[in-house]
Structures are given as structure tokens and as C-alpha cells.
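Notes follow once the structure below has been shown.
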Amino acid sequence: MKRPPAASLDRRIQYLFPLALSSILVLGTARLVLDSLKSNDSYVFKQYGRREKDRPEVVVVSAEDRIDESCDVFEGKWVWDNVSYPLYTEESCPYLVKQVTCQRNGRLDSFYKNWRWQPNGCDLPRFDPLKLLQLLRGKRLMFVGDSVQRSQFESLVCLVQSIIPEGKKSLERIPPRKIFKIKEFDASIEYYWAPFIVESISDHATNHTVLKRLVKLDSIDKHGKHWEGVDFLIFESYVWWRYKPTLNATYGHPDDVQEYNVTTAYRLALETWANWIESSIDPKTQQLFFMSMSPTHLWSWEWRPGSNENCFNESHPIQDSSYWGTGSSLEIMDIIHDVLTQLKVNVTFLNITQLSEFRKDAHASVYGERRGKLLTKEQRSDPKNFADCIHWCLPGVPDTWNEILYAYLLKNHQNLL
Ligand SMILES: *[C@@H]1O[C@H](CO)[C@@H](O)[C@H](O)[C@H]1NC(C)=O
Ligand SMILES: *[C@@H]1O[C@H](CO)[C@@H](O)[C@H](O)[C@H]1NC(C)=O
Ligand SMILES: *[C@@H]1O[C@H](CO)[C@@H](O)[C@H](O)[C@H]1NC(C)=O
Ligand SMILES: *[C@@H]1O[C@H](CO)[C@@H](O)[C@H](O)[C@H]1NC(C)=O
Ligand SMILES: *[C@@H]1O[C@H](CO)[C@@H](O)[C@H](O)[C@H]1NC(C)=O
Ligand SMILES: *[C@@H]1O[C@H](CO)[C@@H](O)[C@H](O)[C@H]1NC(C)=O
Ligand SMILES: *[C@@H]1O[C@H](CO)[C@@H](O)[C@H](O)[C@H]1NC(C)=O
Ligand SMILES: *[C@@H]1O[C@H](CO)[C@@H](O)[C@H](O)[C@H]1NC(C)=O
């Protein structure tokens, strides 16, 4: 990983998210498209619809499903694979919000959907939705975080939903939660909006803005009570911290608002979270994950020196295997690492930043939305101001994050046997 030379530390880096981008950091309010799939004859339905109640679940973890202890799945490269990828399509998954359906929103190139992550030392297990459902039987899996985390939630729903017959699945909204239920399996895949993980004035599921941030660095219980007993919890929090280098927050007295360095504040928040984890999690029954930062591609001069654009019109991944964008804060990465290593409970750190750094081609760009609305033609023709280089198209990069999550779920399941 390359640390940028000091000369390129433009002041734009400090103010990570330009004002114009702030409005895309909102929870889309797109309506759900009705599930029109006719998957009555899917194989899950046939095989597992009538499972006898008292028979324990058997999840067959084959040799190909195991990732070797010594293999670092986060080191590798993107390889062209238009045979197996994408793993689903925009049309086949009715649960995607407008923000991520780039093709439907007018994106013409589609290469971004056809790349497979190939770790250097091993292969990722082939994603098998049925196996995941078996792992989830009688359980809840919940993603906690911001809108980037929400796309990982949607991705996982899309990865499994095609094999579930109509009428046996549902998506409910109970703000700030979204709950995808799989009836046959008495399982759910959920999403919980908490952009700072700890409490803040941005916790309303739709009415929030990054322009006004006030974070309660020592408060988490309002959120925490919704996370109690959840079998698999996947946390993430990054972009909302990075709008400016300082933010207003409270710690101790609720009326004592002070400006904090973002890094100082992030550490305090994560420590609050860590205390909550230690007092509220049962590591025997609950598994925890933490996603590293999702990178942004706001400045094309980082990968194409001399240019002055962003992720717009990028059609291929970055080839330089040491590429690291200045938007991904190593300081924050170190804080997460520190807090996790001091924790008495095991939390698996999914270090997806580097692999996602290569994907300048995979953001929503001008084929996303702003303040809950698709861009107008005029806005689209002004990518400098309107391209969204934070969120990702689906199918796309978050599918890979989930393939990695899946690999770890299988691995942990094995270790528990
Ligand atoms: C599924 O198949 C059964 C039996 O063939 C039929 O009665 C039922 O209406 C079908 N349901 C759907 C949602 O297509
Ligand atoms: C897949 O990619 C190969 C190599 O670029 C190309 O020749 C082929 O036409 C592609 N197939 C499809 C179905 O797009
Ligand atoms: C959104 O929140 C702000 C402040 O919290 C409030 O003044 C405003 O009325 C809310 N807007 C809506 C549409 O609920
Ligand atoms: C903190 O709040 C004060 C008072 O509302 C405001 O003037 C200041 O700009 C805020 N600071 C940040 C970093 O948002
Ligand atoms: C914020 O961070 C900078 C550089 O890391 C440091 O110089 C400054 O003292 C910090 N401010 C506060 C209030 O902690
Ligand atoms: C996008 O890039 C292609 C070349 O890769 C170029 O021909 C085209 O003009 C670009 N489009 C815009 C709108 O910049
Ligand atoms: C995450 O991955 C990057 C690049 O692969 C590496 O440099 C960094 O040390 C890793 N961070 C942690 C905490 O493991
Ligand atoms: C955490 O996981 C490691 C390896 O997976 C294991 O050796 C260790 O005992 C676990 N620690 C706790 C506190 O569960």
C-alpha cells in the first residue's frame, strides 16, 4: 500500500466530502417494486419446504468451501469473469433501491458487473444461497451502519432471494430497520440505520443530513437494544465521519457540545461500542463482524495524474496493485484495529478496503440518485458536481464483500462443530 507523497496532500483531501455530495448520503425512499418472480418450483421449496421440525439442520461444508487458515482473502486481484458474474441481475432482484440500479438508471457500459475477486492464495467458496439459508435457519443476521452498509444488506438479500418461492419471503420496513424474512427457514436478514454506530441526531431513517452532525459519543443503548440477541451482527461506519475534519459531539454531559477531531471522536465512539459489546454480547451464540472502510473515488488525479475528474465514465478497475486512495484513512483503520484487538470478544475484521480501492469503475456515478430522486438529464451532464463516487452499483462490489462474509460464516460454522 502506497502512502501518498506529501505534495499531493491537497486540501481537498481534508474535506473529504464536497458539499455537493452531502445530499447523496441519505437513505433513499424508493418504493419497493413488487416481487413478480414465479419461483414456485425452486429447489429450496422442493427440498426444504417440508423439513421435519425435529431434525437438526445439516450444513454440508465441503473442501471447496473452506478457506485455508493461511490464505489472506483480502489480497488478490480482480479477474474478468463474464461467465459466473454477475451473480444476479437488476431485473431478477426486486429488492434493490433506485440508488443502486445503475443500468436501469441509464448506465450503458456493463463491464463493472463481470469482475470476480481472486485472492492470491486460495479461491473463495462458490456462493450457495441454499447453504447460507441453512446456516441462517432460526437465526437473524443484521447489518448495522450507513447507506453503504445498506447496499451490502441489499446485495445479500439479492444473493439469496431468487431461490425462495414467492409468498415465502417478505421485506418489511420498521424504521430504522429493514427486515427481509425467509419464512420457511424462520430466518431474517436485516439492516439497521446507524451511520455513526453510536447515537446521533442523524438516526432518523430518512430525515437526516450530513451537513448537521451532532454525535453522542458515549451513547449507544437506544441502538443497542435492537441488536441484543441477534445471531450475526455486521458493523460498519465511515463516510459520515469524513465530511469535515472536525465534528460536533457530546461526551459526558448531553448539553456540553464540543468540536472534536474526527479521529479522536471515532476512537471514543468505537470504545463506547466496545463496552457495549463486552457487556451485551454472548460470544457463544453471537458472531460479530466489522467492515473496514468502503473507499471513494472522488478525484481522478489519484489514479490518472493530471486529470481533474472523478469516477464518472470509468469502465475498468485500477491495475496498480499498490493503489490506495487518499480518501481511505489509515488512521481510522488503525483505530478500528486497535479497538478490536483489545476487545475480549472476537470480532472478525473484514478488510475490504484495498480490494474495493481498485474499483473506480463500480460506483453509481451519475446513474444514482440525490435526495431520493434520480438525477435529471441536466444533472447527469454535469458529472463534476453530480457523480456519486461513494455508493456502488448493484450487482457489484458489495456482492464480493458478501462472498467474503459467506466464506467466514462457513469457516466459523465449521470451527463450532
Ligand atoms: C405454487 O404451486 C402450487 C401447486 O402447483 C399452486 O397451487 C400455487 O398456486 C402456486 N403458488 C404460486 C405463488 O405460484
Ligand atoms: C465474455 O468476454 C469475452 C472476452 O472479453 C468475450 O469474447 C465474450 O463475448 C463475452 N461473453 C459475453 C456473453 O458477453
Ligand atoms: C426533519 O427533522 C428536522 C429537525 O430534526 C425537523 O425540524 C423537520 O421538521 C423534519 N422534517 C420532516 C419532514 O419530518
Ligand atoms: C459546531 O456547532 C457550532 C454551533 O452550532 C457551529 O458554529 C460549528 O460550525 C459546528 N462545527 C462543526 C464542525 O460542524
Ligand atoms: C486534532 O488533530 C491535530 C492533528 O492530529 C492536532 O494537532 C490537534 O491538536 C487535534 N485537536 C484536538 C482538539 O484534539
Ligand atoms: C467516456 O470515455 C470514452 C472513452 O473511454 C470516451 O470516448 C467518451 O467520450 C467519454 N464520455 C464522456 C461523456 O466523457
Ligand atoms: C487491511 O488491508 C490493508 C491492505 O491490504 C493492509 O495494509 C492493512 O494493514 C490491513 N489492516 C488491518 C487492520 O489488517
Ligand atoms: C477468538 O478466536 C480465536 C481463533 O479463531 C480463538 O483461538 C480464541 O480462543 C477466540 N477468543 C475468544 C475470546 O473467544
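The structure presented is a predicted model; accordingly, all values stated were derived computationally and were not measured. In this chain, residues are counted from 1 in sequence order. When a ligand or atom number is given, it counts from 1 through the structure's own listing order.
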With sequence neighbours excluded, tell me which residues meet ring pair (Phe, Tyr, Trp, His ring centres under 6.0 Å) with W273.
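Here the qualifying residues are F235, F290.
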
Quick test of your reading of the model: are R359 and D361 salt-bridged, counting only N-O distances below 4.0 Å?
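Between D361 and R359 there is a salt bridge, with a charged N closer than 4.0 Å to a carboxylate O.
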
Using 4.0 Å as the upper bound for N to carboxylate O, is an ion pair formed by D203 and K222?
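The answer is no: the pair does not qualify as a salt bridge.
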
Answer yes if the ring centres of W193 and H208 are under 6.0 angstrom apart, and no otherwise.
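So the answer is yes for these two rings.
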
For residues F358 and W78, establish whether the separation of their ring centroids is below 6.0 Å.
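No: the rings miss the under 6.0 Å criterion.
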
Which of the atoms of ligand 2 are close to N82, meaning less than 4.0 Å from one of its heavy atoms?
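The list of qualifying atoms is 1 (C), 2 (O), 3 (C), 8 (C), 10 (C), 11 (N), 12 (C), 14 (O).
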
Minimum heavy-atom separation for D72 to P119, with atom names?
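D72 and P119 have their closest heavy atoms at O-CB, 4.3 Å.
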
Please tabulate, line by line, the atom pairs linking an N/O of ligand 4 to a protein N/O at a distance below 3.5 Å, with the distance in Å to 0.1, or answer 'none'.
unit_1, atom_1, unit_2, atom_2, d
ligand 4, 2 (O), N248, ND2, 2.2
ligand 4, 11 (N), N248, ND2, 3.1
ligand 4, 11 (N), E259, OE2, 2.8

